[in-house]
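Hydrogens, waters and symmetry mates are skipped; everything else that's a heavy atom, side chains included, is used. Here, residue 1 is the first one in the sequence, and each next residue gets the next number. These numbers were taken from a predicted model, which means no experiment stands behind them.
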Amino acid sequence: MAWAHVVDGNIQQIYQRPRSLVIGEVRYPSNMFTKYTDAEKAAIGIYPVVDTGTKGDNRFQITSHPTYTFDSSNNRVTTSYTVTDKPLADSNMVDADGNNLLDMNGNQMINYGLKSQAKELAKKRAHDLIKRFGWLVQRVTMDSSKTIPSAV
């Protein structure tokens, strides 16, 4: 559970866990987050943060950091996220000014898209499946009288 300190409808601070804090000239103990009623907390400007936003699937989408909004009608702070799709195709890495980024050898650096990542994963999985039988191929290469069993 998280809480927000709100003053005049503006979110001042988000608290992810209870902590001692000073509001005005009064110091409140950290246990006030759990001991005070919602009305008592609202009286000093502390409201619960309710995660109402929808996050994307991190395999295929990029989810932004949360954006917080004070909902005065429900006395709570809600979250929202911006979800964008990850690119399918590779692209050149560029800096903030749009200049190409090069590695130490002067080669263009690449942002790998989902297609390239999926191909690499498929190659790795295939290699992992095949590598346990590599010794059979080496045996056939060294001793032509041996064969690879048909069950393999």
Between [X] and [Y], is there a donor-acceptor pair closer than 3.5 Å when you use the side chain of the first and the backbone of the second?
X	Y	value
Glu40	Thr37	yes
Asp90	Gly113	yes
Asp57	Arg59	yes
Asp103	Asn107	yes

Would you kindly confirm whether [X] and [Y] end up in one hydrophobic cluster when ILVMFWY residues are joined by side chain heavy atoms under 4.5 Å apart?
X	Y	answer
Val26	Leu21	yes
Tyr15	Ile44	yes
Leu121	Ile130	no
Tyr68	Tyr81	no

With a 4.5 Å limit on heavy-atom distance, are the side chains of [X] and [Y] in contact?
X	Y	result
Ile46	Met32	yes
Asn10	Phe70	no
Lys41	Tyr47	no
Leu114	Phe60	yes
Val50	Thr79	no
Leu101	Asn99	no
Asn92	Met109	no
Ser20	Tyr28	no

Worksheet item: Should we count CG of Asp8 as having more than 12 external heavy atoms under 6.0 Å?
Response: no
Worksheet item: Got a sec: does the CZ of Phe133 have more than 12 other heavy atoms crowding it under 6.0 Å?
Response: yes
[atom2] on [Y] to [atom1] on [X], rounded to 0.5 Å:
X	Y	atom1	atom2	value
Lys55	Thr63	NZ	OG1	8.0 Å
Lys123	Asp128	NZ	CG	14.0 Å
Lys115	Lys119	NZ	NZ	6.5 Å
Gln13	Ile23	CD	CD1	10.5 Å
Tyr112	Lys86	OH	NZ	16.0 Å
Gln61	Ser64	CD	OG	11.5 Å

Search all heavy atoms of [X] against all heavy atoms of [Y] and return the closest pair with its distance.
X	Y	answer
Pro29	Tyr36	CD-OH, 4.5 Å
Met1	Pro48	CE-CB, 3.2 Å
Arg139	Thr147	NH2-O, 2.8 Å
Ile14	Ala4	CD1-CB, 3.6 Å
Val137	Thr141	O-OG1, 2.8 Å
Ser30	Pro18	O-CB, 3.3 Å

Discussion item. Centre-to-centre under 6.0 Å for Trp3 and Phe33, is that the case here?
Written reply: yes
Worksheet item: What do the steps show when you test Asp38 against Asn75 for side-chain contact (heavy atoms from CB on, under 4.5 Å), and what is the final call?
Response: CA-CA 9 Å; Asp38 287 343; Asn75 284 334; over 6 Å; no
Practice prompt. Tell me, with the steps shown, if Leu102 and Gln108 meet side-chain contact (heavy atoms from CB on, under 4.5 Å).
Written response: CA-CA 5 Å; Leu102 305 177; Gln108 174 67 49; 4.1 Å; yes
